[in-house]
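See below for the structure under consideration.
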Amino acid sequence: MEKHYDARSIEKKWYELWQKHNLFHSECTDGGEPYCIVIPPPNVTGILHMGHALNNVIQDILIRLRRMQGRNAIWIPGTDHAGIATQNVVERALKGEGKSREDLGRAAFIERVWAWREEYGNTIINQLKCLGASCDWQRERFTMDKGLSDAVAEVFVRLYDKGLIHRGNYIVNWCPRCHTALSDEESEHVEENGKLYYLKYPVAGDDKRFIVVATTRPETLLGDVAVAVNPRDERFKDLKGAKIILPVLGREIVVIEDDFVSPEFGTGIVKVTPAHDPNDFAMGLRHNLAPINVMNGDGTMNEAAGPYKGLDRFECRKRIMVDLKEAGLVEKIEDHKHAVGHCYRCNTAVEPRLSRQWFVRMKPLAEPAIKAVKEGRIQFIPARWTKVYLEWMENIRDWCISRQIWWGHRIPVFYCKTCGAEWSEKGTPEKCKKCGSASIYQDEDVLDTWFSSWLWPFSTLGWPEKNDDLKFYYPTNDLVTASEIIFFWVARMIMAGFEFMGDVPFRKVYIHGTVRDDSGLKMSKSLGNSIDPLSIIEEFSADALRFSLIMITATGQDVYLSNDKFEIGRNFGTKLWNAARFMTMQEENGGMRRSANRGVSDFSAVQLSPDDKHIIMRLADAIAAVTDNIDKYRFNDAAHALYEFMWHQFCDWYVEYAKDVFGGGDEAAKQRTLDIMHHVFSTSLLLLHPIMPFITEELWHVMGYAGAGDGVENMIIKTRWPEPAGTAVLERWGITKDIVDYVDSKHEIIRVGRTLRSDYGVLPSKKVDYLIKPDSEKTAELLKVDSGMIKALLRAENITIDPKLVPEKVMPSGVGKLGAIYMPLAGLIDVESEKKRLLDQIARLKEDLGRVTNKLANMDFVNKAKKEAVDHQRARKEELLEKTKKMEKLLETLSCM
RNA sequence: GGGCGAUUAGCUCAGUUGGUUAGAGCGCUUCCUUGACAUGGAAGAGGUCACAGAUUCGAGUUCUGUAUCGCCCACCA
């Protein structure tokens with residue numbers, strides 16, 4: 001076996017082999033309960049960041065575990081077309097050539113986007129493969145694929161015909177840079193330090209009188225059609241029916257009364273701009289005022305802005321303030337903090353803008369989705385997200401689904417120029433549905449990307465066609481995602497699931513934390529604080545990345561990352577490699593041969609040593625812990641259990657014990673120990689495989705557990721997940737709690753002995769003698785059998801085990817549950833300092849003993865506490881008393897000298 | 001403005017239904033090139049569990065309030 005563990009080449013090798021043998025693919029007919037996860041489709045423009053890495057590692061753990069458990073498990077991968085983001089990328093490239101999309105025209109532009117996708121669209125998919133993601137790549141989907149596009153059209157037509165999709169003029173979030181409407185979720189509110197401008201509007205017919213309005217966006221005054229006051233506001237009673245002169249433009253506007261206006265804010269008078277503010281729009285409707293739109297789609301001012309026509313909105317704001325100041329119409333300007341929407345794709349400040357858009361009525365869709373979560377048919381993990389979901393769903397607003405871009409699913413609505421008919425239909429009709437005229441045209445807009453993503457759990461399985469996959473795998477099982485897309489995606493998938501499949505899309509939603517840098521900021525490319533998973537993989541390996549990430553991520557908690565965290569996984573990998581190397585060396589150089597591929601696994605006929613029993617019991621615990629914790633989405637606990645078991649149980653104790661056995665002459669013991677090592681190690685590799693797939697697969701073969709050759713059937717990825725040995729089995733093997741406790745206590749006495757050595761500064765290279773005085777003959781016998789390994793682990797020259805031992809000189813001593821241990825050091829020990837050492841320890845014991853005694857003296861505790869708690873305290877008191885007594889005895893012997 | 005999360009060792013964090021002596025990794029101290037592994041081993045030091053109350057025989061854990069930090073949601077100009 002190679003001394004050096006070359007992780008990266010191992011990882012590349014195995015991924016290729018797994019793919020070559022099609023091991024991630026599962027047909028829906030080959031038996032086993034279904035288990036299905038769909039990937040949260042990353043943007044086709046995306047590059048892998050730590051958030052993706054965490055997300056996909058978790059899913060990979062789940063899918064690998066279920067696969068090993070014999071489930072018919074599939075993980076459907078894919079990407080979404082990311083309408084706005086992708087269009088932006090391609091437009092940027094065009095700009096480099098001095099062209100715009102209009103220069104190309106719609107058809108040529110879309111062709112160009114497809115070409116871009118051919119070339120770059122696989123980036124993130126390939127990166128997922130580096131991570132080890134065992135997706136069923138044969139099922140890879142793209143939201144613009146034929147099948148998924150068909151699903152989108154089908155859904156649109158159905159909702160349209162049902163009256164759940166409508167078109168209308170409303171104020172929407174408009175991104176002036178991307179030149180399109182956005183949904184509410186796509187507008188991210190960012191707190192900004194803005195200004196509140198107090199502007200004076202002259203009252204018509206009275207040159208001395210002004211009213212003062214407050215606004216954060218002075219440029220919108222150009223679109224004002226009224227000013228409003230609260231009808232109950234006494235201050236402005238006399239303004240009723242008055243006319244106001246709009247500054248700059250000189251237009252006469254009216255004063256209206258509306259309950260919306262709160263007398264406390266600003267001046268109690270509001271300018272009304274229906275085309276540029278949602279509240280004003282509503283007021284405009286109530287008071288029958290025609291909106292005046294003063295802005296173009298790109299954020300520049302239009303004709304209605306008069307002298308400001310052509311200016312950018314922010315430039316216009318500056319200029320209009322200069323002009324107003326000159327005219328003496330600015331009362332004051334205050335600092336004002338407020339949240340401004342920003343485009344989630346390009347971060348430009350969103351402009352509320354009146355425009356004609358398509359909307360989905362969400363209320364009816366939300367009802368069954370709310371019910372399902374309330375009834376627990378869909379569960380959020382951690383549960384707190386349930387509330388977040390329900391609150392949003394219960395206050396859901398209509399979804400603006402039309403986008404004024406070209407890359408995406410074009411809205412399947414057609415209009416007849418002849419008769420004016422409007423209808424929705426799949427495919428490309430040639431004639432008007434109503435009058436048969438050929439003079440028809442399709443809506444220019446495309447759909448929100450999420451309008452295809454929300455169908456993902458069933459569209460990827462082939463819907464609207466009915467097929468076996470869909471029947472078998474729907475509803476899917478787990479959805480693993482980050483909290484950021486609960487509204488965008490999770491909630492909408494649930495609604496679509498009910499509307500189109502009549503059932504939940506998945507049963508559990510596991511929301512993992514956000515990956516942040518070590519100062520707590522969300523990792524993002526624009527902040528420049530992201531750790532690139534690929535460079536971590538190059539530096540540490542994918543297994544190291546996976547293990548480390550999982551180890552430090554508590555269920556649903558945010559993760560704070562820095563480069564050094566990945567050493568955990570790397571070091572663990574190295575440790576495993578070397579443990580394996582120790583075992584192969586016994587066979588390569590030591591001339592030993594194990595009994596079977598993976599060692600024996602039935603110990604009924606084997607005479608086990610206490611240490612054998614101990615490790616087998618701990619292995620059973622580890623199997624149970626790993627399985628249980630993954631079932632509960634407690635991945636960090638699963639990783640931790642494995643780390644603790646393999647490193648601190650197997651390597652620290654069992655391997656050290658084995659060294660002693662292998663050094664001895666008992667051939668049967670050697671054989672048994674080697675077999676048990678292989679049994680334990682191979683089982684551990686299985687347990688670790690979901691988290692560290694590569695090193696486990698490599699060791700599986702290197703260690704010969706796969707049998708001859710590297711046949712597909714023998715890969716670890718196809719091997720069955722281990723079951724923990726039950727109590728009955730353990731009993732049959734003679735593995736009892738007593739004997740396991742004995743081994744723990746034996747370890748304790750070794751530690752006490754080592755502490756003596758360390759306390760007295762006896763170098764490890766110096767061989768010393770130890771004397772052990774067990775409490776009983778029975779313990780003495782057990783210890784005598786184990787004296788070889790005890791001697792080795794203490795690095796002792798000699799050990800004497802004698803229950804009747806009476807030390808005749810001053811020597812360092814300590815006690816454990818099994819008895820006392822002495823380290824004779826000729827002439828080095830001063831009675832007084834040794835006394836002091838023992839007294840200190842006794843004092844500490846007595847402190848504990850005092851606490852326990854008090855507790856047991858408290859009748860409230862004894863009467864009210866659970867029986868186990870009381871028993872436990874009693875046992876502990878016993879133990880402390882015992883230990884104190886032993887310590888005191890040591891002290892006594894010392895005093896006699 | 002509403003909601004949520006966090007506050008435990010020098011650092012980053014675990015601690016699931018209240019009940020042993022509050023744990024891990026990193027860092028730190030001392031020692032060790034012992035034939036699996038220095039990406040390692042052995043032994044240590046280090047914590048009034050943010051603060052104040054309440055419930056309880058018993059609180060890191062439950063409740064209330066306070067403080068600090070962070071996140072999400074929100075049409076008051």
Side-chain angles (χ1 to χ4, degrees), chain A residues 1 3 5 171 189 196 213-217 220 228 260-262 264-267 269-273 277-282 336 338-339 341 352 384-385 387-388 391-392 395 483-484 486-487 513-514 516 518 520-522 540 544 548 551-562 564-565 567-568 570-586 589 632 634 636-637 640 643-644 651-652 655-656 659 751 754-759 761-765 795 844 847-848 851-852 855 858-866 868-870 872-873 875-876 879-880:
Chain A
M1 183 177 172
K3 182 163 185 179
Y5 158 44
I171 298 277
H189 290 256
L196 191 56
V213 298
T215 180
T216 53
R217 293 180 295 153
T220 62
F260 163 76
V261 184
S262 91
E264 292 78 38
F265 191 89
T267 58
I269 311 182
V270 181
K271 60 195 272 309
V272 181
T273 324
D277 182 276
N279 295 310
D280 294 7
F281 179 72
H336 181 66
H338 62 144
R384 67 185 134 91
W385 294 108
K387 199 176 159 189
V388 175
E391 226 140 81
W392 187 76
N395 298 299
S483 61
E484 285 99 22
I486 291 182
F487 307 140
T514 305
R516 303 176 185 285
D518 51 2
L521 288 167
K522 183 171 164 176
F540 295 92
S548 307
M551 184 88 163
I552 63 177
T553 308
T555 309
Q557 220 50 45
D558 287 355
V559 206
Y560 294 77
L561 267 187
S562 54
D564 57 334
K565 298 272 166 64
E567 291 174 6
I568 302 172
R570 180 198 58 187
N571 295 356
F572 187 46
T574 308
K575 188 75 178 173
L576 295 177
W577 188 263
N578 284 299
R581 222 158 61 80
F582 171 77
M583 294 161 68
T584 51
M585 282 166 78
Q586 306 312 314
N589 312 329
K632 288 180 180 155
R634 300 180 68 89
N636 58 328
D637 287 344
H640 195 268
Y643 185 88
E644 161 66 23
C651 292
D652 285 356
V655 172
E656 292 307 313
K659 283 178 186 172
R751 274 194 300 267
R754 285 167 171 171
T755 308
L756 293 179
R757 190 188 266 274
S758 168
D759 279 356
V762 180
L763 297 186
S765 54
R795 302 197 57 71
R844 233 171 299 153
E847 240 175 73
D848 288 348
R851 264 198 298 269
V852 179
K855 214 170 202 178
N858 179 350
M859 288 320 283
D860 276 330
F861 171 69
V862 177
N863 294 331
K864 292 184 189 172
K866 272 182 281 180
E868 303 91 83
V870 180
H872 195 267
Q873 290 301 324
R876 179 158 159 65
E879 206 179 289
L880 282 168

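We name chains A, B, ... by the order of the sequence lines, and we start the count at 1 in each one.
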- Using a cut-off of 4.0 Å on non-hydrogen atoms, how would the nucleic acid contact of A/Val655 be classed: base, sugar-phosphate, or nothing?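 Counting heavy atoms under 4.0 Å across all strands, the contact made by A/Val655 includes a base.
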
Taking atom [atom2] of [N] as reference, at what distance in whole Å does atom [atom1] of [X] sit?
X: A/Asn863; N: B/C57; atom1: CG; atom2: P; result: 11 Å
X: A/Asp860; N: B/U55; atom1: CG; atom2: C1'; result: 15 Å
X: A/Phe487; N: B/C71; atom1: CZ; atom2: P; result: 16 Å
X: A/Arg570; N: B/A38; atom1: CZ; atom2: C1'; result: 12 Å
X: A/Trp392; N: B/C71; atom1: CH2; atom2: P; result: 22 Å

- Report the relative orientation of the aromatic rings in A/Trp577 and A/Tyr5; use parallel for angles under 30°, tilted for 30 to 60°, perpendicular for over 60°.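 Parallel, since the angle between the ring planes stays under 30°.
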
In the strands shown, is [N] matched to any nucleotide by a Watson-Crick or G-U wobble pair with both distances under 3.5 Å, and which?
N: B/C37; answer: none
N: B/G53; answer: B/C63
N: B/C4; answer: B/G70
N: B/C13; answer: B/G23

Donor-acceptor check, side chain of [X] to backbone of [Y], threshold 3.5 angstrom: yes or no?
X: A/Asn578; Y: A/Arg581; answer: no
X: A/Gln873; Y: A/Ala869; answer: no
X: A/Arg754; Y: A/Arg795; answer: no

- Task: Please report the C-alpha distance between A/Lys271 and A/Thr220 in whole Å, then the side-chain angles of each, then the deciding distance to 0.1 Å, and finally whether the side chain to side chain contact (heavy atoms under 4.5 Å, CB included) criterion is met.
- Result: CA-CA 9 Å; A/Lys271 60 195 272 309; A/Thr220 62; 2.7 Å; yes

Among [options], find the nucleotide with the atom closest to the side chain of [X].
X: A/Glu656; options: B/A36, B/C76, B/U39; answer: B/A36
X: A/Met585; options: B/A36, B/A74, B/C32; answer: B/A36
X: A/His336; options: B/U39, B/A43, B/A77; answer: B/A77
X: A/Asp652; options: B/G41, B/A74, B/A77; answer: B/G41

- B/G44 phosphate, OP1 or OP2, under 4.0 Å from A/Thr755 side-chain N/O: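 Yes, because at least one side-chain N or O of A/Thr755 sits under 4.0 Å from OP1 or OP2 of B/G44.
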
- Message: Under 4.0 Å from OP1 or OP2 of B/A36: is there any side-chain N or O of A/Lys659 that close?
- Response: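 True: A/Lys659 side-chain N/O within range (under 4.0 Å) of B/A36 OP1/OP2.
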
Give me the distance, rounded to whole Å, that separates [N] from [M] when you measure between the [atom1] atoms they each carry.
N: B/A52; M: B/U7; atom1: C1'; value: 15 Å
N: B/C69; M: B/C75; atom1: P; value: 26 Å
N: B/G18; M: B/U39; atom1: P; value: 45 Å

- Task: Record whether the side chain of A/Gln586 comes under 3.5 Å of the base of B/A36 through a donor-acceptor pair of N or O atoms.
- Result: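 It does not, because no donor-acceptor pair links the side chain of A/Gln586 to the base of B/A36 below 3.5 Å.
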
- First of A/Ser483 and A/Arg751 reached from the 5' end of RNA chain B, by closest nucleotide: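 Checking each residue's closest nucleotide, the 5'-ward one belongs to A/Arg751.
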
- Task: Please tell me which of A/Leu763 and A/Arg844 maps to the more 5' nucleotide of RNA chain B, matching each residue to the nucleotide holding its nearest heavy atom.
- Result: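 Upstream on the strand: A/Leu763.
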
- Item | Atom of A/Ala214, atom of A/Thr267 and distance for their closest heavy-atom approach |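 Looking at all heavy atoms of both residues, the shortest contact is N-OG1, 4.2 Å.
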
- Task: Heavy atoms under 4.0 Å is the rule here; annotate nucleotides 16-30 of chain B 5' to 3' with B where the base is hit, S where only the sugar-phosphate is, and - elsewhere.
- Result: B--BBB--SS-----

